[in-house]
Amino acid sequence: MTRIEPVPRDGGIQDGLAARVHDPLWLLARQWQLGEFRGDDSGSPVVVDLSASTHQVDAWHTGSGDWQPWSPAATPLERLVEQESEARAADPALRRDGGARWLRALAASASARSAFLAGCPWPAVPDELEPAGLAAVLQSKVPDGAAVAASLRALTTAETADAEAARLGLSAADRATVQAAAPAWLAWWGGQVPADDPVQPGPPVTWDPHRLEHAFAVRSSTLPGTELTAIAYLGGSVDWPDVDAASPGQAPAQPETPGQLTIKGVPMPARFGGMPAARFWEMEDAQFDPGSVDAAPHDLARLLLVSFVTVYGNDWCVVPVRLPVGTLFKVDTFTVTDVFGGTTTMGPAAADDPAWNLFALTDDREASGASPWFWLAPSLPDSLEGPVTECVLFARDEMANLAWAVELRAGGRDRYEAWLAHEPAPLPPDPFPRYQVDTVVPSYWFPLAPEQNADQESVRLRLVPLARRVAGALDLELPLGELLADARSDRLWLFEEEVPRSGTRVARRRQRARWHDGSVHAWTARRRQSGTGESSSGLTFDSVTPPTA
């Protein structure tokens, strides 16, 4: 292996630092050839005067409902858009806690404890959703808190007290003990479960089950001619690219006065990571090397990026503007004063080149297709996410010529593991070939069959449960989770384009975030992500299996 090293004749670095040029005339000639001497004596900007109009977004709606007041400083928009209608009384953890609290309240009466354990059992659930581990142990030791609440309400009501006491088999002494402890327990339960608590959790009011997306709109009462609509929000964090400017469906009754903003500032050179150094001997950031960017001749985006960084990167200046979150902002006048005292009034870049719109909202009403308004969205900076409690994969199966809804998780349980635990026993050995009408598909796979729309041209995908043999009888296997709950009433269908070849995945999980004012917000969110490509159910028809003996 050969190694080449320079051997300097002098121990100092003075010659290297001098960076002597042996032919400066040649360099000057090259500058003249490239037109670098054709200047216009323009000055550098020193002062910027800006006046702008501002509008604070203060209302939102679900895309079809009435406008509701909203303060971006008090509540994150993500919670309003994504939160489900939660049934607190259906929460297994709360029901276990309630049962345990009630047994502690009856510690002095063993017979009353036994009566409630027998008279307030947990409802039966499918085998795939049976609790496991510590949750299963607790549910076997305590009554169902929701059933206890219904029983205590009946015991504390004169019309139903005798019948409920007879159903539980309470003695006179136990009945007196229960009625004495019931008010405190019911007060605690009422603080946990609102009076208008739904029976079952439901989807967010913004959720479109046929598109698997959220739809909502926001507006400012001081800007009656425009509203911001989001028709395909997938979940996560709301930002300005998620909304478009559109004509309002319903203008505010009494438009308020818009805000005015005036700024006098000093423009500073724009800085970004990997920017070429302005000084000759300044060390540049080694994390980005424009010269090593691998770009093909047709890769215009990368070539433009390299050109901007190396040639035009120092031509940009920045003037900071502080705005409250949720503000709609539009520049009215923009005047630049240079070092020679000259002033230049500038307009938006899109005025001269409609194709150049940076951070502009889409607006079909404008000739350029872009709105002059900028929205400083009140984006959620970060949140704590719980484990996925439910997940459904929508995928195409080209071999079976079907699309499938695969319920990967439901009720916090892995459907695949539950199916393996209850998988039908294999057939006994057979010395002869066996004919099969169709192959077995896992119980958590549900076909999305195409059906013709009214226009006789397009199709949509409807979830059609498979008939399976359960306990010797044929029955329809229905989804267990909330994402596919509409399938239980035959209302679940999707637009065909919502299940692409790459597939799509929808998951439910708990979110917890702290907002700007210090308040804590928790909700259950549905979010959609890209799938992992095509899937295979293994479904085949009219097959023959070889002998197994």
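Below, each value reflects all heavy atoms present in this structure, side chains not excepted, and no hydrogens, waters or symmetry copies.
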[X]: which residues meet the ring pair (Phe, Tyr, Trp, His ring centres under 6.0 Å) condition with it, sequence neighbours left out?
X: H521; result: none
X: Y416; result: none
X: F216; result: Y233
X: W404; result: W445

Trace of the side chain to side chain contact (heavy atoms under 4.5 Å, CB included) decision for S535 with D397: CA-CA 5 Å; S535 298; D397 182 0; 5.8 Å; no

Return yes when atom [atom1] of [X] has more than 12 non-hydrogen atoms of other residues, nucleotides or ligands closer than 6.0 Å, and no otherwise.
X: D455; atom1: CG; answer: yes
X: R512; atom1: CZ; answer: no
X: I231; atom1: CD1; answer: no

List the residues meeting salt bridge (charged side-chain N to carboxylate O under 4.0 Å, His left out) with [X], not counting sequence neighbours, and say none if there are none.
X: E213; value: R528
X: D364; value: none
X: D91; value: R88
X: R505; value: none

Could you name each residue pair satisfying side chain to side chain donor-acceptor pair (under 3.5 Å) that touches residues 305-327, not counting sequence neighbours?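 Those involving residues 305-327 are Q56-T327.
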
Give me each pair satisfying side chain to side chain donor-acceptor pair (under 3.5 Å) with a member in residues 201-211, each pair once, sequence neighbours excluded.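 Every pair satisfying side chain to side chain donor-acceptor pair (under 3.5 Å) with a residue in residues 201-211: T206-H214, R211-E497, R211-E498.
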
Could you go through the side-chain hydrogen bond (donor to acceptor under 3.5 Å, both in side chains) check for E84 and W523 one step at a time? CA-CA 7 Å; E84 297 182 352; W523 69 96; over 6 Å; no

Listing, residues 376-396 side-chain donor-acceptor contacts under 3.5 Å, not counting sequence neighbours, or none:
residue : atom : partner : partner atom : Å
S379    : OG   : V238    : O            : 2.4
S383    : OG   : Q511    : OE1          : 3.1
E385    : OE1  : R509    : NH1          : 3.0
E385    : OE2  : R527    : NH1          : 2.6
T389    : OG1  : R508    : O            : 3.2
E390    : OE1  : E482    : N            : 2.9
E390    : OE1  : R508    : NH1          : 3.0
E390    : OE2  : E482    : N            : 2.7
E390    : OE2  : L483    : N            : 2.6
R396    : NE   : V499    : O            : 2.7
R396    : NH2  : E496    : O            : 3.3
R396    : NH2  : V499    : O            : 3.1

Which heavy-atom pair separates [X] from [Y] by the least distance, and what is that distance?
X: D58; Y: S220; result: OD1-CA, 3.6 Å
X: P372; Y: E366; result: CD-OE2, 4.0 Å
X: A360; Y: S371; result: CB-O, 4.0 Å
X: E82; Y: G236; result: OE2-N, 2.9 Å
X: L478; Y: P465; result: CD2-CG, 3.5 Å
X: Q260; Y: S53; result: NE2-OG, 3.6 Å

Do V193 and L94 make a side-chain contact, defined as non-hydrogen atoms from C-beta onward lying under 4.5 Å apart? yes

Between [atom1] on residue [X] and [atom2] on residue [Y], distance to nearest 0.5 Å:
X: T62; Y: L80; atom1: OG1; atom2: CG; result: 11.5 Å
X: L50; Y: T262; atom1: CG; atom2: OG1; result: 8.0 Å
X: T362; Y: L228; atom1: OG1; atom2: CG; result: 11.5 Å
X: L223; Y: H55; atom1: CG; atom2: NE2; result: 4.5 Å

Answer yes if the side chains of S458 and N453 hold a donor-acceptor pair under 3.5 Å, and no otherwise.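 Short answer, yes.
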
Given the rule in the side chain to side chain contact (heavy atoms under 4.5 Å, CB included) test, do V48 and T335 qualify, once you have shown the distances and angles that lead to the verdict? CA-CA 6 Å; V48 168; T335 304; over 6 Å; no

List in chain and number order the residues that pass side-chain hydrogen bond (donor to acceptor under 3.5 Å, both in side chains) with Q68, two or more places apart in sequence or in another chain; answer none if no residue qualifies.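 Testing Q68 for side-chain hydrogen bond (donor to acceptor under 3.5 Å, both in side chains), a comparison that skips the adjacent residues, returns none.
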
Within 45° of the six-membered ring axis of W493 and under 6.0 Å from that ring's centre, is NZ or CZ of R460 located there?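 So R460 does make the cation-pi contact.
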
Measure from NZ or CZ of R219 to the centre of the six-membered ring of W67 and say whether it is under 6.0 Å with the direction within 45° of the ring axis. yes

Apply side chain to side chain contact (heavy atoms under 4.5 Å, CB included) to the pair W240 and L361, showing each step before the final yes or no. CA-CA 7 Å; W240 65 268; L361 302 176; 4.1 Å; yes

Evaluate the criterion side chain to side chain contact (heavy atoms under 4.5 Å, CB included) for residue pair V46 and V266; output intermediate values, then yes/no. CA-CA 6 Å; V46 291; V266 178; 6.0 Å; no

